[in-house]
Amino acid sequence: MGDHLAQSDVRPENNGAIPALRWEEPPEGPVLVLLDQTRLPHEEVELVCTDVQALVGAIRSLAVRGAPLLGLAGAYGVALAAARGYDVEDAAELLARARPTAVNLEYGVRRAVAAYREAGVERGPAAVLAEAKALHAEDAAASTAMAGHGAGLLGELLPGGGYRILTHCNTGALVSGGEGTALAVVSGLHRAGELRRLWVDETRPLLQGARLTAYEAARAGMPYTLLADTAAGSLFAAGEVDVVLVGADRIAADGATANKVGTYPLAVLARHHGVPFVVVAPVTTVDLATPDGASIEVEQRPGSEVTDLAPSPLGTQAYNPAFDVTPPDLITAIVTENGVVSPVTPEGLASICGK
Ligand SMILES: CSC[C@H]1O[C@H](OP(=O)(O)O)[C@H](O)[C@@H]1O
């Protein structure tokens with residue numbers, strides 16, 4: 001990743017709360033500034049992307065990650081290409097293909113390119129930047145709305161508050177223009193004094209839970225406990241989990257949901273133990289053009305992400321899917337900014353998407 005960015009592009013640590021992504025227009029030309037999530041939680045380092053290749057590298061290395069944020073990165077990436085006079089269509093192609101599973105990435109790129117084409121070459125750069133900023137604002141508003149709908153759903157499912165919530169991967173402000181998706185619900189409940197415990201799956205192999213959710217939970221002062229992914233089963237068995245809240249990268253038309261690998265086993269455990277399993281995602285994550293879970297392309301990542309973590313003997317082969325797919329019958333509800341789908345049906349999903 002470093003070879004994409006000159007050292008001058010890597011800013012020193014910053015003590016303030018820094019957004020996951022922001023657009024800046026210094027005298028030398030517009031840039032996209034990313035909080036490098038591969039360096040968290042111990043280093044807050046910003047990457048300054050001056051071209052699309054650097055941004056694609058940041059997406060592939062997960063320096064910038066998380067479905068809604070990938071949508072913003074895609075849209076701002078097109079704006080960066082337009083502002084710097086690169087070929088916008090080529091840039092869009094590169095960005096949309098950077099990671100295959102999160103539908104938000106191609107959605108953000110497509111929306112930005114459409115704005116550029118409609119405005120024409122002269123007004124294109126300004127129009128595409130305006131569209132990226134509009135998507136940014138929409139995502140922030142979606143986070144707030146999902147937090148409200150999620151709190152309402154839990155109030156119906158589990159009256160009385162004091163929730164013990166298990167979550168997987170990272171779904172907070174680091175994946176969003178706002179407070180995130182599932183973790184936005186948790187943050188709202190915490191502020192309302194209704195969060196008794198947040199169980200945080202470490203989420204191997206890239207440890208988004210141990211590194212990123214723990215980082216966000218600690219900054220928010222939440223009562224959180226980290227656990228090995230394989231320890232979740234014994235928590236359910238001990239009756240320590242009231243509800244599972246997770247995010248999503250792509251929700252198919254039948255409600256099958258792709259999310260970080262390790263999500264599907266949680267859904268099975270939740271069903272076995274009679275615990276609600278809730279997906280929280282904006283409608284930009286729903287892909288009605290993908291009919292079912294079998295049609296979702298699951299990103300296969302380098303085996304080295306697993307073997308280097310171990311460390312395993314040289315030459316060890318590893319199976320490393322970045323996501324798995326949970327069937328709709330194991331999902332209690334899908335919470336979006338437009339409301340809640342429960343039970344999860346094709347009709348309910350189409351309706352919540354306004355189709
Ligand atoms: C709600 S977006 C967060 C979503 O994205 C994560 O994947 P990755 O860290 O590989 O970008 C994970 O699936 C989260 O649920």
Side-chain angles (χ1 to χ4, degrees), residues 20-21 34-38 40-41 56 58-74 98-108 139-140 142-143 145-147 150 165-187 200-216 229 244-251 256-267 277-287 293 296-302 305-306 320-326 331 334-337:
L21 165 154
L34 308 171
L35 176 57
D36 184 347
Q37 299 192 30
T38 64
L40 291 174
V56 168
I59 291 171
R60 288 184 174 146
S61 69
L62 277 73
V64 60
R65 49 154 292 279
L69 196 72
L70 289 177
L72 302 186
R99 290 185 75 194
T101 306
V103 65
N104 308 62
L105 177 55
E106 61 189 270
Y107 171 78
D139 190 64
S143 281
M146 286 186 281
I165 299 172
L166 186 142
T167 195
H168 192 69
C169 198
N170 170 252
T171 60
L174 290 172
V175 301
S176 159
E179 286 197 305
T181 61
L183 207 60
V185 178
V186 177
S187 298
V200 179
D201 265 6
E202 64 177 351
T203 315
R204 294 173 73 96
L206 295 180
L207 306 175
Q208 287 92 327
R211 294 186 301 108
L212 306 177
T213 298
Y215 168 82
E216 294 200 70
D229 299 333
V244 177
L245 290 185
V246 295
D249 290 79
R250 192 181 294 247
I251 301 172
T257 295
N259 194 52
K260 183 52 54 196
V261 64
T263 301
Y264 172 51
L266 291 177
F277 179 87
V278 176
V279 172
V280 185
V283 293
T284 48
T285 305
V286 178
D287 175 16
I296 297 176
E297 181 182 352
V298 173
E299 177 187 3
Q300 299 299 319
R301 292 190 62 86
E305 291 176 352
V306 178
N320 186 23
F323 304 99
D324 57 26
V325 177
T326 299
I331 301 173
I334 294 178
V335 174
T336 76
E337 67 273 41

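These numbers come from the heavy atoms of this one structure, side chains and all, not from hydrogens, waters or symmetry mates. Both counts, for ligands and for their atoms, begin at 1 and track the order of listing.
- The shortest contact between atom 15 (O) of ligand 1 and any protein heavy atom is with N259 OD1, 2.5 Å.
- Atom 1 (C) of ligand 1 has its closest protein heavy atom at T181 OG1, 3.3 Å.
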Query raised in the report: Could you go step by step and tell me if Q37 and L69 meet the side chain to side chain contact (heavy atoms under 4.5 Å, CB included) rule?
Result: CA-CA 12 Å; Q37 299 192 30; L69 196 72; 3.8 Å; yes

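- Heavy-atom distances between P68 and ligand 1 reach below 4.0 Å in at least one pair.
- Between V278 and the options I331, V246, L245, I334, a side-chain contact (heavy atoms from CB on, under 4.5 Å) holds for only L245.
- In this structure, E337 contributes its side chain and V283 its backbone to a donor-acceptor pair below 3.5 Å.
- Numbered from 1 in the order shown, with element, the atoms of ligand 1 that lie under 4.0 Å from a heavy atom of G66 read 2 (S), 3 (C), 5 (O), 11 (O).
- N170 counts as a contact of ligand 1, since one of its heavy atoms falls under 4.0 Å from the ligand.
- With R250, R301, H168, K260 as candidates, the residue nearest to atom 7 (O) of ligand 1 on a non-hydrogen basis is K260.
- The Q208 neighbourhood of ligand 1 comprises atoms 8 (P), 9 (O), 10 (O), with distances under 4.0 Å to a heavy atom of that residue.
- If you check the side chains of R211 and N170, you find no donor sitting under 3.5 Å from an acceptor.
- If you check which protein heavy atom lies closest to atom 2 (S) of ligand 1, you get A67 N, 3.1 Å.
- Ligand 1 has no N or O atom lying under 3.5 Å from any N or O atom of T171, backbone or side chain.
- The shortest contact between atom 4 (C) of ligand 1 and any protein heavy atom is with D249 OD1, 3.5 Å.
- Residue contacts with ligand 1: V246 is excluded, as none of its non-hydrogen atoms falls under 4.0 Å.
- Looking only at heavy atoms of the protein, atom 12 (C) of ligand 1 is closest to C169 SG, 3.3 Å.
- For ligand 1, the polar-atom distance check against L62 finds no nitrogen or oxygen pair separated by under 3.5 Å.
- Taking a cut-off of under 4.0 Å to the non-hydrogen atoms of R99, the atoms of ligand 1 that pass are 8 (P), 10 (O), 11 (O).
- Inspection of the D36 and T38 side chains reveals an N or O donor paired with an N or O acceptor under 3.5 Å.
- No side-chain heavy atom of Y107 sits under 4.5 Å from any side-chain heavy atom of T285.
- Under a cut-off of 6.0 angstrom, the local environment of CZ in F277 is crowded, with over 12 non-hydrogen atoms contributed by other residues, nucleotides or ligands.
- Protein heavy atom nearest atom 9 (O) of ligand 1, with residue, atom name and distance: R65 NE, 2.7 Å.
- Screening T101, I59, L21 for a side-chain contact (heavy atoms from CB on, under 4.5 Å) involving L70 leaves a single residue, I59.
- In this structure, R250 pairs ionically with D287, as a charged nitrogen and a carboxylate oxygen lie closer than 4.0 Å.
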